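All values derive from a computational prediction rather than experimental measurement. Below, read A as the first sequence line, B as the second, and so on, with proteins coming before strands; counting in each chain starts at 1.
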Protein chains: 2
Amino acid sequence: MARYGYFGSMKAKPGHRDQVVKILLRASDDVRTAGCHLYVVGVADDDDQTIWVNEVWDSKEDHDASLQLPETRAAIAEAMPMLTGEFTSREFTVLGGLGLPPE
Amino acid sequence: MARYGYFGSMKAKPGHRDQVVKILLRASDDVRTAGCHLYVVGVADDDDQTIWVNEVWDSKEDHDASLQLPETRAAIAEAMPMLTGEFTSREFTVLGGLGLPPE
């Protein structure tokens with residue numbers, strides 16, 4: 001089955017981006033065993049609020065299930081008050097490329 | 001130095017997406033030694049023309065230099081006539097996460 005790709009952004013309230021990034025990096029460690037192959041956290045260079053997250057999962061089902069993990073729910077609850085509420089997201093079907101473990 | 005992230009899309013002319021994907025997957029193998037850690041190729045689920053590419057490089061300089069490699073130039077020349085000319089791109093600074101080799 002083709003893998004599930006996700007590329008999304010969130011916006012931190014002014015001064016809170018580093019804290020949110022720290023939460024996301026910690027969360028990336030929690031999803032290692034949940035069918036997640038890639039969870040890259042980055043920040044925009046042209047503003048100091050935008051955070052980018054790029055994920056590759058075995059399936060959309062694995063991704064969606066991860067949102068119900070207690071550690072994920074705790075991370076979301078911790079980060080949410082520091083976010084503006086502006087999100088973007090793109091989903092795509094991963095066909096291959098460099099840097100992913102073999103299927 | 002922080003790594004360089006890139007997430008972009010291109011649109012293939014109707015009926016040409018598979019061919020362009022094949023060229024991109026071949027190209028992803030050529031950049032392995034050029035400072036590229038991730039080169040994921042995917043397709044949109046909600047249309048049959050959009051292709052997504054997600055890259056992580058040691059630096060923007062490595063990324064830009066790769067565009068001048070003979071094999072990259074050949075791949076671009078081969079793909080270009082099959083594209084509509086509509087592109088999107090996002091650049092970001094990679095701060096870490098799961099699935100990338102250690103810096």
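Proximity to chain B (any heavy atom under 4.5 Å) is shown, for A:V94, by both the backbone and the side chain. For chain B, the nearby parts of A:L38 are the backbone and the side chain; heavy atoms of each come within less than 4.5 Å. With a threshold of 4.5 angstrom between heavy atoms, A:R90 approaches chain B through side-chain atoms but not through N, CA, C or O. For B:V41, the parts lying under 4.5 angstrom from a heavy atom of chain A are both the backbone and the side chain.
Between chain B and the residues A:P101, A:G96, A:G99, A:A44, the largest count of heavy-atom pairs under 4.5 Å involves A:G96. Ranked by heavy-atom pairs under 4.5 Å with chain B, the first of A:V53, A:D45, A:T50 is A:D45. Ranked by heavy-atom pairs under 4.5 Å with chain A, the first of B:G5, B:S28, B:S9 is B:S28.
Ion pairing between a basic and an acidic side chain is recognised when a charged N comes within 4.0 Å of a carboxylate O; B:D29 and B:R26 show no such pairing.
A centroid separation of less than 6.0 Å is found between the aromatic rings of A:F7 and B:F92.
Taking both residues in full, the closest heavy atoms of A:Y4 and A:S59 are given as CB-C, 3.6 Å, listed atom of the first, atom of the second, then distance.
Of the possible donor and acceptor atoms, one in the side chain of A:K13 sits under 3.5 Å from a partner among the backbone N and O of A:P81. Without hydrogens or angle criteria, B:E55 side chain to B:Y6 main chain gives no donor-acceptor distance under 3.5 Å.
We find the NZ-CG distance between A:K11 and A:D47 to be 5.5 Å, quoted to the nearest 0.5 Å.
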